[in-house]
2 protein chains.
Amino acid sequence: MAKHDPDLSLLFHALADPTRRAILSRLAKGAAPVSELAAPTGLRLPTVMRHLAVLEEAGLIATAKDGRVRSCAIVPEALTPMRTWLDEQRAIWEARLDRLDDYVMNLMKERANDP
Amino acid sequence: MAKHDPDLSLLFHALADPTRRAILSRLAKGAAPVSELAAPTGLRLPTVMRHLAVLEEAGLIATAKDGRVRSCAIVPEALTPMRTWLDEQRAIWEARLDRLDDYVMNLMKERANDP
DNA sequence: ATCATGCTTAGCCATGTGACTAACTATACA
DNA sequence: TGTATAGTTAGTCACATGGCTAAGCATGAT
């Protein structure tokens, strides 16, 4: 359970932007060149390029240039660390579905210490 | 498949910070007051408070004040939207585990168009 | 009533982020 | 060769983020 996990931070940060998630959804249907990804966003090319750079640094997409066209594709394995983290958390969190009771009981105990 | 999903953005953004993930991990073991959460971070209280505010706005934690102590607890259901998104993506992405082939074939087809 | 504790608010600062325009490069097409 | 196309780079700008200090407020202990 790494305290500083740059992978996870990059991943979550990349996914925190709706534009980037939209690009991913588009790419889920198949590889596409930059312009085609930019079109539905209504954003300028340089802006989209930065989003793509973020996605690529997070390992979520891979790109390659063929002639003057850069083709982008998703990297499915990239979601694995996130899934792992989520499963870890779920394991602990769900083991505590008594959380609310636990929480309330804590408060009550504190109050009880003060008759 | 909402194009603009503020919930997801808030969630992912909240989780993109290692300090906040550490706080969540700590809280997974049970509710705790602000100071106790701040201690292991090495950060000042106001800074930690802001992190807690981000977590709370994302719906990841709930807090309540008892006397002068504010107790914080996780909200397990908060991860559901993220799990849903992840499962959706996995469904599509994994259906395309031929992605690399697909990608390469695309390139080859483009080249083929140019004999 | 006084003081310590625990949080809160206000405000500052450096850096990061997301958007843009404008100018440039490199490939394809005529 | 010249021109359109597809990306790329550089530079600007407003605002968000993450950290801090200093001062304030409410509650519990003496």
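Below, chains carry the letters A, B, ... as their sequence lines are ordered, and counting in each starts from 1.
- Among residue pairs with one or both ends in residues 30-39 of chain B, those qualifying as salt bridge (charged side-chain N to carboxylate O under 4.0 Å, His left out) are B/Arg26-B/Glu36; sequence neighbours excluded.
- When the nucleotides C/dA4, D/dA4, D/dT8 are ranked by their closest atom to the side chain of B/Arg68, C/dA4 comes out on top.
- Scanning for salt bridge (Lys or Arg N to Asp or Glu O under 4.0 Å) contacts around B/Arg50 gives an empty result, with sequence neighbours left out.
- Between B/Asp17 atom CG and D/dA16 atom P there is a gap of 18 Å when expressed in whole angstrom units.
- You'll find that the side chain of B/His13 is closest to D/dT17, out of D/dT17, C/dT27, D/dG28.
- Nucleotide C/dT8 holds its P atom 18 Å from the CZ atom of B/Arg44, rounded to whole Å.
- Checking side-chain atoms of B/Arg21 against main-chain N and O of B/Leu15 turns up a donor-acceptor pair under 3.5 Å.
- Counting only distance, with no hydrogens or angles, the side chain of B/Arg70 and the backbone of B/Val34 share no donor-acceptor pair below 3.5 Å.
- Atom pair B/Leu43:CG and C/dG6:P shows a separation of 18 Å (rounding to whole Å applied).
- One can place NZ of A/Lys65 at 10 Å from P of C/dA28, the figure rounded to the nearest angstrom.
- In this structure, A/Ser9 contributes its side chain and B/Ala16 its backbone to a donor-acceptor pair below 3.5 Å.
- By the neighbour-count criterion of 12 heavy atoms within 6.0 Å, atom CZ of B/Arg83 is densely surrounded, having more than that number from other residues, nucleotides or ligands.
- Atoms CG (A/Leu15) and P (C/dG18) sit 12 Å apart, rounded to a whole Å.
- Rounded to an integer number of Å, the gap from CG of A/Asp66 to C1' of C/dA26 is 13 Å.
- Contacts between residues 45-56 of chain B and DNA chain C, counted as heavy-atom distances below 4.0 Å, involve B/Leu45, B/Pro46, B/Met49.
- The CD1 atom of B/Ile23 sits 10 Å away from the P atom of D/dG19 (whole-angstrom rounding).
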